[in-house]
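Atoms within a ligand are numbered from 1 in the order they appear, just like the ligands themselves.
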Amino acid sequence: MNFLRFSDLCAQGQARGRRVFIRADLNVPQDDQGRITEDTRIRACLPCIRMALDAGAAVMVSSHLGRPTEGHLTAADSLAPVAQRLGQLLERPVRLQAHWLEGVEVEAGDLVLLENCRAHPGEKKNDETLSRRMAALCDIYVNDAFGTAHRAEATTHGMARFAPIACAGPLLAAEIDALSRALSQPRRPLVAIVGGSKVSTKLSLLHNLADKVDRLIVGGGIANTFMKAAGLPIGKSLAEPDLVDQARSVMAAMKARGAEVPIPSDVVVVKALAADAPASLKPASEVADDDLILDIGPHTTARLADLLKTAGTIVWNGPVGVFEYPAFSQGTAGIARAIAGSNAFSIAGGGDTLAAIAQFGIEKEVGYISTGGGAFLEVLEGKLLPAFDILQKRAAG
Ligand code: ADP
Ligand code: MG
């Protein structure tokens, strides 16, 4: 994928004295008092901000936060807590400017945070007039917001159309690079693991991956629907009977390519979902009518771990069991260990997948951990993200 990189512009001295607008994703979770409960996204944007400051640019940064009503910025939607945290992390005060469409005063070497971009009428609709006004504020537009790269909005797409120069920040570039490495020219065999709760939320992803990967591993509630499609009993387990045909067509697509979708051979079941419910291990063929399948068993885990051992590239989205409860976390822990121990280039993404990676402490062993939930899934679905698309078009001239 060909696009302009902010790091290259900085290295060439092109950002010196220039007005740089960084669209970041600083949409952090907050508690009832507005306190930031988790600041990964703010930390993820620091390299871009530091790069711009070090390059001698006049730096403007904006992001959305929450879901403000366009035209009505309330205190709850304000980036004020973000400005404060950013200031702590950068060890310098960060000024927050509320109204910024009329103009922004910022010196070279200085930084200003521009209030919640989604408060502007027209932001979500990617309004052209708004996009042009925003683009006129800068010499260089930098998109570093992978978390919103799947949305075409004024600050994620429109500004990139109209700014004098439009480029990708280091975080966005790293995401594009890792995803291309995994999906465009993967080292084979390419193995995908798709777990989680529902087939319906990941159907187009399963179909797209079935056309690309050498092995497709399904897990979690998704595997239940595949088990049903394979004629196995699944009792009361979470599954989508309407999608059994879709599961069969994914299995057929893989079979046509000479690969099976591995179906669990042993499972962990309970009679009711609760932390203290007595769990039992069963062969997959012996699941009772009143059983709930909540994890894969050790035989299945070992077989899947073997497949991962020989992989050249691994793409992981979705836990293979209800890993939030210790009794049903062994399958996902085993998969996590197998990925950590594999020589493959691995990429993982998804909100719950990231929680599992943190729970099992394999952050350092995963090749790349994507910061975007929805955006990551859309890339796996085979979609070209609007934010990538426009940067590519700009680079093509
Ligand atoms: P991600 O956020 O990584 O994309 P999902 O949101 O699709 O993942 O799915 C994660 C959820 O799936 C977890 O909360 C997990 O408890 C649930 N899950 C996994 N296996 C099962 C299962 N067998 N039955 C019900 N829920 C499951
Ligand atoms: Mg999730």
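There is no side-chain donor-acceptor pair under 3.5 Å between His99 and Glu115. No side-chain donor from either of Arg151 and His64 sits under 3.5 Å from a side-chain acceptor of the other. Between the side chains of Thr155 and Glu123, at least one donor-acceptor pair of N or O atoms lies under 3.5 Å. If you check the side chains of Lys228 and Asn224, you find no donor sitting under 3.5 Å from an acceptor.
Listed by number with element, the atoms of ligand 1 under 4.0 Å from a non-hydrogen atom of Pro319 are 8 (O), 10 (C). When each atom of ligand 1 is checked for a heavy atom of Thr353 under 4.0 Å away, the hits are 1 (P), 3 (O). Heavy-atom proximity to Asn317, at under 4.0 Å, picks out these atoms of ligand 1: 1 (P), 3 (O), 4 (O).
Closest to atom 27 (C) of ligand 1, if we only count protein heavy atoms, is Val322 CG2, 3.5 Å. With respect to atom 7 (O) of ligand 1, the closest heavy atom belonging to the protein is Lys202 NZ, 2.7 Å. Closest to atom 1 (P) of ligand 1 among all protein heavy atoms lies Asp352 N, 3.7 Å. The single protein non-hydrogen atom nearest to atom 22 (C) of ligand 1 is Gly221 N, 3.6 Å, given as residue, atom name and distance.
A cation-pi geometry, defined here as NZ or CZ lying under 6.0 Å from the six-membered ring centre and within 45° of its normal, does not hold between Arg187 and Phe345.
The side chain of Glu324, and not its backbone, has at least one atom closer than 4.0 Å to an atom of ligand 1 (non-hydrogen atoms only; side chain from C-beta on).
Comparing heavy-atom distances from atom 19 (C) of ligand 1 across Pro264, Ala355, Gly351, Gly321 singles out Gly321 as nearest. Closest to atom 9 (O) of ligand 1 by heavy atom, among Gly220, Gly318, Ser329, Gly196, is Gly196.
With a 6.0 Å radius and a threshold of 12 heavy atoms from other residues, nucleotides or ligands, Glu105 has its CD atom at or below the threshold.
No other N/O/S atom of Asp352 lies as close to the Mg ion (ligand 2) as OD2 does.
For ligand 1, the polar-atom distance check against Thr201 finds no nitrogen or oxygen pair separated by under 3.5 Å. Not a single N or O atom of Phe323, backbone or side chain, sits closer than 3.5 Å to an N or O atom of ligand 1. Annotation: Asp295 places no N or O atom under 3.5 Å from an N or O atom of ligand 1; distance criterion only.
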